[in-house]
Structures are given as structure tokens and as C-alpha cells.
Amino acid sequence: MVDTARRLPNTSVMATRNTDTARAQLIQISKVLSLEARKGYGDSAASQGIARFVRERVARLGAGVGSDDRRLLQRLDGLFAGYAVMSEGERRRSIDDASRIVEDLLAATPSSSRSVLSPGQAASTPVATVRQPPTRERPLRRRVARSQVKSLADSVRLLPGVGEGRAAQLELLGVRTVGDLTRLYPRRHDDYSNIQPIASVLFGRATTIQGIVQSIETHRTATGKQVVSAIIADETGRINVMWFNPFVARQLAAGARVSLAGRVEQMRGTLCLKSPEWELLDDETLHTGRLIPVYPLVKNLYQKSIRPLARAALDATRGMHEEFLPPDLLLDEGLIGIADAIEWIHFPDGATPRAARQNLDAARRRLAFEEFLALQLGLLQRKHAWQSQPGTAFAIDIDALRRFGESLPFTLTRAQRRSLSQVMRDMAHEQPMTRLLQGDVGSGKTVIAAAAALIAIRAGQQVAVMAPTEILAEQHHRTIRALFDAMPEDLQPRIGFLSGSVSGQQRDVVYLGLREGTIDLVIGTHALIQEPVAFNKLGLAIVDEQHRFGVEQRARLRARGQGVDVLVMTATPIPRTLALTLHGDLDVSTIDELPPGRQPIETRWLPERQRGEGYAFIREQVALGRQAFIIFPLVEESEAVDARAAVDEHERLSRDVFPDLRVGLLHGRMRTAQKDEVMLQFRDREIDILVSTSVVEVGIDVPNATVMMIDGADRFGLSQLHQFRGRVGRGAERSYCLLVAGDVSSDGRSRLQAMIDSQDGFRLAQIDLELRGPGDFIGTRQSGLPELQLASFADVRDLERARRVAEQILAEDPELATVAHTLLRRRMESFWASATLDVS
Ligand code: ADP
Ligand code: MG
């Protein structure tokens, strides 16, 4: 209920003070603005037109204000130039912008207190008034905590109100020390900085009102629920408020000064607030009247309890956060200092709501930069640590390489030659190679790997090639053997194979060969380096990573092979900026060109009702002796649910649709051996159609498969769709990709169209990145990288800058051992401590 007509008895105090006169003017403007909005922007809210009304008020306000406010007032006035001839949309924008300016001015013009519009007024406290906005000076209550907390490393238990139970809850959030609590960043902020006079609140808007409880009572509804209803009043009017929590009535009494924040609703034709956040107005507001932090929570911990704790932690640690970014970096990049950043990431404030929002953004950016920097420092340190070990400078047998090239049934593409020369340069160098070879499926990475192996072998060293699964290891074994087959006998490497399925005498032979150096090249699963395998002289490790491993896994590999050259291969193309991050510990070579003469995979989009036509097409292809994949739509993020749904779908397809064909099933809940078994059956043509969840991604070659049907294609990301499609088109036959999708969102439509238009993995990855944003593009969790809390891979400029800064810092101080870098090193270590160390 908004009652503008009835004034409260004590509000006469307003007129006696300058600031209150200014407030009154502003409130009037605000009222006229909202009236204009309510009346549908017909320029009917003021009798002489709104432009003239605003101009008059601005003129009255303008006398004696500071230059900042004068500028705001001028902008306010300017918004209405030509209002009479504006379209409705333009008018709405003018009114919105104007409302925001008035809000800002109001917030900076608290009644009868220190004011921007009229500086130097002595503060007094009228009964029903709006209190001043938060300022950076904190009231008394919190000094108490300070005396006990001596350092950031002190336990949260030292904060008032934190007992065993609270501490245990906080620990679940990773918070043990007071410093941790100051680094527990809010998930977001709710904007209740819009402190409105009750008379001018607008339906549907997030608003804070401040006033006095006129009455408060609890009653029961017809259904027996307890409702607390209160009437709150300020100098402009009154509003009904209700809570469905009887507890509130015990804490609030008539006469209390309160601040309430919520979205304005309507009930029986009058405006009201339902279950707003509330707090007493005797202190800086934490829950209303500002940008309100919203924290991650655990059971029995509520926003209402954690906000004061965060506040207490910040106050107790005031002055303890020391700057550790170089001052010239802060200056160059326009980053704010650590103390303000930590304060504002929780409780951003400023002279106006807009300034507060800017301060929050500045805090986020500074802390995000920190994350980028910590990330890059860690990655580069890993790289440097690797490269500072003495490695082998391979003498390159050019003659052997040439003969290898001549023995191939094709000539290398330009991109292959470029990548090979980068690999050769690394290998010739004494620093151990640490290079990533990325290229789309079928771009010809294996040949480059084989050439690198040949270099090492000709220089008298051994080579290990590792794949993430047994079946892929076997595939590499076959492919690489075939590549060396046409070489002159005396140049052919002696090749061994080792995996979990190799046992007994066979395995002993390989062990012995590796130990004695009679095997030059061993291919296997990555168990190769985990088992107690002894090499005579391991010089090069080639890891086919697909997209299974990450930074930490590579670190383990390195820990085992001191000074060994490492070449990592991946078929997941990622845009350059992301490569910097995900593979920031590697140098990157890119094969961005397919060998000539590849047939494009014909890609079509089938609406769901034409799924039957897709099945018919598969049937035709099978009749021609080919095979097909059917990818089952993603049901949800849970493998278990997906697996069960896929089992049902497999059943349906083999019973109702393809009863006469051999239909296989692959899903993530199957054991590795089972999966391999099914893949082998498919490869050996014992299965015509393979129904699979997304686990099929992993790169197995089945050249006879010519159809990839992806059901629910709109639910997969572009990169993943591209990976699926790469499973076909590997033989001589023309291949097809059928994208089945029903009601497609516009984003989904863009993805499917991109699939039809392009077969270039890098291009598709870039589009994917743009469409989905980097957060979804690749989960950092999979990569083994620490979780970024504030930084986003979309901030490419800051990411690259952080990379350069990290390089500079490490060039001077590779270990971050100097006193100047102690704090930076600590920050980096605590950031990396959150990295997942999951080695399967
Ligand atoms: P990737 O490992 O990148 O998926 P492969 O190395 O398995 O690709 O190569 C895919 C196929 O292309 C293989 O049959 C390989 O022999 C062939 N190939 C590789 N390079 C060339 C080339 N320059 N010209 C023609 N065919 C090539
Ligand atoms: Mg390959």
C-alpha cells in the first residue's frame, strides 16, 4: 500500500534543511518519472510537459552544487530535449536513464546528513528518515574482532560468533582462516542499491526502502500458515510488508528503524513487499540498500549469517592484505590495489550506486587478473622446470629422414612440414622438448610422431608411444608399423608392444628388450611409464592424449622421465587463447590443413519426425556392406542415467527398427575391457550398427563406417559434434553425418548450421567458443587445472597480458625466490593447491 497523500507527523523537519529541500525536489522528480512510466509515456505526468518540469527542478537544484552533481543534473536535463517528439521506446529509455540519475543523486543526498549536494551540514536524525548510504568508515561494532585477529592465518574461530559448528560449516566451504574468509568470493551480488522513497517504488523492481515500523502483527491464514504483516513508513508514504516466517515478529517491533530489500509486488491493487531481506538501521547495512553479496552456502549456513562474518573478517584484517602485484603493472593495466579489491568484491560501495557497481567491476577484474597470473606462473614454472633439466641434443640423421619421406605413399602437407621442422628444432636443442602437436582428426599427426621417433632412434635412443586406451594403443601399433614398412630394412626400428593384456613370457621379452636396448620403439598404454619398466636409454616420449589427460598428468610423466623429450598429440583443436591456458606448459605446433583429396562428409540436418528416414538410410548403407554409428542423445549430466536410457534405446532399436541387423551398444558404465570388446567387434564388422552414448568420441578408426547419426544433436557442443563426425569418413567410401534435432533453440540452430557449413575443427572450435562462452567450452576440471573463480577465458586481453607478465617475472626470478616475490609465490601456490590431481 503506497499512501502518498498522508504525511507522517515528523516529516516537517525536511523543509528546514537544505539537503532535505534537495531531497524533496529529487523525490518529486522521481515521482513524476514513475508516474510518466505508469501512464504509458504519453508526456502526461506534468501539466506543462515533462521536459519543462525537469528543467525547472534542475534549475532549482543546480544552485550551489559541486561540479560532479552539476554534470549529472545537466545530463538529466539533456535527456528530455525533444521528449515531445520521441518514440515510445526512446521515451522509455529517457525515463529509465533519468530515474537512474535521480536515484544516484538521491543516494548521494541523504536527508539531513553529510551530503554531496550540500556539504557541511551537521548530521541529525529525524525520526522517519532515510539513513545515509554506506561510507568507507565503518562503525564501532566491528573493532572488537580486530583486537584478537593478528594475521590472515588466524583461525575463523577468533571472529565473534564463530563457534565449533560455524567453523565446521565454513570449513566445508574451504574456509579455515580469517584470510580464507576474505577470499571466499560471493557468487554474485544482488543489486538493492536502489534506495527508494516509498512513494516512488515501482512494481517489479528490486528496491530498498528504509523507514520506521508503524505496526507489526502475526496472524494465521485460512490454511493455518503464520504471516507477519507490517506497515513501514518513511517521509513519503507507507507500504505493506509481509513475511511468512513468524520469527521476524519476535525481532522487529513498532518504532524500529529498518531497511528492507526485495522486489516490489502487488496485492489487491496495492504495492507491497513479500519476504524482503531486512535489517535494523543502526549500522552499516549488509543485507539491504546496496549491492548485496550472495555467498556459496552449505547446510544450516544462511546469507544472513555469513554476510556479517565476511564483514567481520574484512574489518579484522584491515591493512593485512599486502600488495603483491608490481606497482607498474597495476598502473599500466589500471588495476586496483589488493585492499580495495578484497573489500569491494564483498561489499562494493561508492559515492553513488553507479560508483559502487564500478568498484565491484574493478575488484573483480583485479582479482581475476590475479588468477590468470597465478595460473600462468604455475604453467610456466612447470615448463621451465622441465626444460632446465639436461636433455639430449639429438644429432639429426637427415638422410634417414629423407628416406622415410620417400617411402611414404604421399608427400607431407605444408602444415605437416612446418610442424616437423619445429619438432626437429626442439629435438636438436639440448633443452628437453615439451611440445603439443594439435590437429584435427585425420590431419596426419601420426606421420610426424613417427618421424620424431625415427630421429631419436637414429641418434641411438629409445622411444615410447603412449595412448589412453588399450584399443588405441593397438591402433597406433598397427599404423606406425605400417608407416615404417616401406623403409629399407636396415633403417626399420625394432618395435615392441606393451599393455595390460600383454603378459607372461611375451611381456618379459618386451621388458628385457627395453632394458637391454634391443627394442627401439615401444607402443602401449600409459601404464608404460607407471609400471616398473626400465629403459636402456629413453630419449623421447610421445603421448597421444586425445583429450583425456591434462597438465597434472603431464607433470607426472615428466617426473618419471628426467630430461626426456615429450611430444603430446591431441585431436581436440582449441583456439589459440585457450591453448595458452590449457596447454600453457607446452609449445604448440598446429596442423591446420588436411591432406589433399579428402572427401567432405556430407552433413544433413533431419527434423525429429524424419528420424525414420535416417534409419532407412542407415539400412541402405548397411545393405551396401557399410556400418553406422547412432549417437544416443544426452539425457543429462549423469552417466548412470545416460547409460540406462541408452540401454533402453538399444533395446528398442534392435527389436523394433533393425530386428534383422546386428546392433551393438557402448556406454560409459561399461568396464574398459567390455568397451574395447565392443569396439573390436565393430571394427571387425561383427556389428552393423553401434548405438553409443558420447563415450565413442575416443579416436578409433573404423574405415568401413560411413554413417554417423547423432540423435538430439542440438544438445551437444559443436566441438563434440565435430569429434563424433570425425569417426566416419576415414575410408575410401563417401560418408554421411545425420544430425537429428527437433525443437531447436537459435543457438542450437547456429551450431547445426556451422556443422553443415564447415568441416574445419579450428573454425568450429572458434565458433563454439563464441556461441557457448569459454566456461562451457571446456571444463577446467577435466584439464586438471585449478578452478578459475572470477576470471573468464573470455577476457582474452587480460589472459594474454598475464602470460607476458608471468614470463617477465620468471625471467628475472625463475623460482620466485626473492623477497619481492614471496607473497606472489604464496598466492600462486594457494591457487594451484586447488588443482585436481586425478590420475586414472
Ligand atoms: P591423425 O593422427 O592426425 O588423426 P593420421 O596420422 O592417422 O591422422 O592420418 C590420417 C590418414 O591420412 C592416414 O591414413 C595417413 O596415412 C594419411 N596421411 C597423413 N598425411 C598425409 C598426407 N600428407 N597426404 C595424404 N595422406 C596423408
Ligand atoms: Mg591418429
Side-chain angles (χ1 to χ4, degrees), residues 401-424 435-454 463 465-469 471-487 495 521 523 541-549 567-574 579 583 588-601 679 683 696-706 708 719-720 722-735 759-765:
L401 262 184
R402 204 186 47 239
R403 292 173 70 177
F404 174 64
E406 285 165 2
S407 76
L408 294 172
F410 47 75
T411 51
L412 296 183
T413 62
R414 220 160 28 136
Q416 281 174 317
R417 284 204 305 273
R418 186 181 60 229
S419 300
L420 181 55
S421 70
Q422 287 164 344
V423 168
M424 282 165 64
R435 183 166 291 278
L436 176 77
L437 181 59
Q438 63 166 345
D440 232 329
V441 168
S443 60
K445 296 183 292 292
T446 320
V447 191
I448 306 306
L454 186 65
V463 178
V465 176
M466 279 163 285
T469 67
I471 190 166
L472 281 171
E474 267 178 42
Q475 185 173 301
H476 275 306
H477 185 213
R478 259 195 317 275
T479 317
I480 291 173
R481 277 180 95 108
L483 280 170
F484 286 124
D485 242 14
M487 293 263 289
I495 301 178
L521 171 59
I523 299 165
I542 299 171
V543 187
D544 184 359
E545 182 164 87
Q546 296 299 333
H547 35 267
R548 289 289 199 84
F549 308 140
L567 181 65
V568 180
M569 297 192 288
T570 176
T572 311
I574 52 177
H583 307 301
V588 179
S589 292
T590 301
I591 309 185
D592 50 7
E593 172 184 20
L594 288 184
R598 283 284 153 79
Q599 289 198 54
I601 298 162
M679 279 315 296
R683 190 194 67 195
V696 79
E697 260 187 288
V698 175
I700 179 87
D701 276 338
V702 184
N704 192 51
T706 55
M708 168 60 67
S719 299
Q720 204 175 14
H722 180 65
Q723 290 282 332
F724 290 147
R725 181 167 61 183
R727 299 297 107 222
V728 297
R730 303 172 79 85
E733 307 300 335
R734 184 159 190 77
S735 293
Q759 315 236 341
D760 174 347
F762 285 96
R763 208 183 126 51
L764 291 172

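All of these numbers come straight from a predicted model, not from anything done at the bench. In what follows, every heavy atom counts, from backbone to side chain, and hydrogens, waters and symmetry copies are set aside. Start at 1 and go down the list; that is how both ligands and their atoms are numbered.
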Of all the heavy atoms in [X], does at least one lie under 4.0 Å from an atom in ligand 1?
X: Ser443; result: yes
X: Thr411; result: yes
X: Gly442; result: yes
X: Thr479; result: no
X: Arg414; result: no

- Side chains of Gln422 and Ser589: is there a donor and an acceptor less than 3.5 Å apart? yes
- Test Arg727 against Val441 for side-chain contact (heavy atoms from CB on, under 4.5 Å), laying out the working first. CA-CA 8 Å; Arg727 299 297 107 222; Val441 168; 3.8 Å; yes
At a 4.0 Å threshold, what atoms of ligand 1 neighbour a non-hydrogen atom of [X]?
X: Thr413; answer: 23 (N)
X: Leu412; answer: 23 (N)
X: Asp440; answer: 3 (O)
X: Thr446; answer: 2 (O), 5 (P), 6 (O), 7 (O)
X: Arg598; answer: 10 (C), 11 (C), 12 (O), 17 (C)
X: Val441; answer: 4 (O)

How long is the gap from [atom1] on [X] to [atom2] on [Y], to the nearest 0.5 Å?
X: Ser443; Y: Asp760; atom1: OG; atom2: CG; value: 10.5 Å
X: Leu408; Y: Phe484; atom1: CG; atom2: CZ; value: 9.5 Å
X: Leu472; Y: Met466; atom1: CG; atom2: CE; value: 14.0 Å
X: Ile523; Y: Glu474; atom1: CD1; atom2: CD; value: 11.0 Å

- Query: Leu412 versus Val447: any side-chain heavy-atom pair under 4.5 Å?
  - Reply: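 Yes; the side chains approach each other to less than 4.5 Å.
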- Item | Any N or O of Pro595 closer than 3.5 Å to N or O of ligand 1 |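 In this structure, Pro595 places no N or O atom under 3.5 Å from an N or O of ligand 1.
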- Task: Look only at interatomic distance and state if Gly444 has a nitrogen or oxygen under 3.5 Å from any nitrogen or oxygen of ligand 1.
- Result: yes
- Item | Partners passing side-chain hydrogen bond (donor to acceptor under 3.5 Å, both in side chains) against Gln759 (at least two apart in sequence or in another chain) | none
- Item | Non-neighbouring partners of Arg763 that pass side-chain hydrogen bond (donor to acceptor under 3.5 Å, both in side chains), sequence neighbours left out |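 Here no residue qualifies.
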- Query: Just going by heavy-atom distances, which of Gln416, Arg417, Gln438, Lys445 is nearest to atom 3 (O) of ligand 1?
  - Reply: Lys445
